[in-house]
Participant: 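The structure under discussion is supplied below as structure tokens; questions concerning it will follow.
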Amino acid sequence: LIERLKGLDIQVVGKLDQPPISLKKDFGESGHRAYAVNIFRDPQVWEVALESTLTRVGMRLTWFQVGGDDDCSFVGNPDLLETITTIRNKMQTYCQKLNLVFSWSWSEEPPTAAVAPWNAIHFVNSPQLTAAELETYVEQQTQAAEFWVNLDPLDGDRYPLLDRVRDLTQRMVAIK
């Protein structure tokens, strides 16, 4: 599947998000979610858990997202640089080319590093930002890394189709 998608010029991203139920106790969880900051806390535990998966897909995938789309658990982590560097170093043995991304809140100052071990930052916000707010945040970005954004359409039960299309289009233009 990965090869077929690549053949269609579709970039596949491996999301390292939720461990199997049998391993959740090893990573800690909040409710039914295990957050990336907990999952990737101890390389001795997570590397063993990911080894078979990375062996199978590591040479096919070039992008991996550490945590879910809305998992901003790395925000405020004083060991962020060290943690992402460790993840990169451990995963590099399984991947021919490795690009890492993790989620960050628009409302928080983005992380900086002289040589960042990440290739992109996935910015999120709940609730979704308006087009004007997105434009303001995008203009403030000085990151050398790429930045990714989720743009979810407005709720179809609360807004008419024309308003939903207009809003989504305005937010897409603001990001572009």
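Remember, it's a predicted structure, so these values are computed and weren't measured experimentally.
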Participant: Check I87 against V66 and note the closest heavy-atom contact, atom names and distance.
Facilitator: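 Closest approach of I87 to V66, heavy atoms only: CD1-CG1, 4.0 Å.
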Participant: For P43 and T86, which heavy atoms make the closest approach, and how far apart are they?
Facilitator: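 Here P43 and T86 meet closest at CG-CG2, 3.7 Å.
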Participant: Verify the ring-centre separation between W63 and W148: is it less than 6.0 angstrom?
Facilitator: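 Yes - the distance between ring centres of W148 and W63 falls below the 6.0 Å cut-off.
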Participant: Take atom CE of M59 as the centre, draw a 6.0 Å sphere, and report whether it contains more than 12 heavy atoms from other residues, nucleotides or ligands.
Facilitator: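 Result for CE/M59: enclosed.
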Participant: Between atom OH of Y94 and atom CG of L50, what is the distance when rounded to the nearest 0.5 Å?
Facilitator: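 One finds 8.5 Å between OH of Y94 and CG of L50.
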Participant: What closest approach, in Å, do W104 and C72 show between heavy atoms, and which atom pair accounts for it?
Facilitator: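 The answer is C-SG, 3.6 Å.
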Participant: Any chance you could pull the hydrophobic cluster mates of V165, using side-chain heavy atoms under 4.5 angstrom and chaining through other members?
Facilitator: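 Members besides V165, by chain and number: L161.
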Participant: Between A113 and L81, which heavy-atom pair has the shortest distance, and what is it?
Facilitator: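 Taking every non-hydrogen atom into account, CB-CD1, 3.7 Å.
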Participant: Using every non-hydrogen atom in the two residues, find where L98 and R88 come nearest and quote the distance to one decimal.
Facilitator: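 Minimum heavy-atom contact is O-NH1, 3.2 Å.
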Participant: Keeping T62 on the side-chain end and N99 on the backbone end, is there a donor-acceptor pair under 3.5 Å?
Facilitator: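 Absent.
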Participant: Looking at D163 and R166, is any side-chain nitrogen of the basic one under 4.0 Å from a carboxylate oxygen of the acidic one?
Facilitator: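 So R166 pairs with D163 through a salt bridge.
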Participant: Find the distance between NZ (K15) and CG (D69) and round it off to the nearest 0.5 Å.
Facilitator: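 Separation between the atoms: 3.5 Å.
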Participant: Taking all non-hydrogen atoms of both residues, which atom of A36 and which atom of S73 are closest, and how far apart?
Facilitator: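 Looking at all heavy atoms of both residues, the closest pair is N-OG, 3.5 Å.
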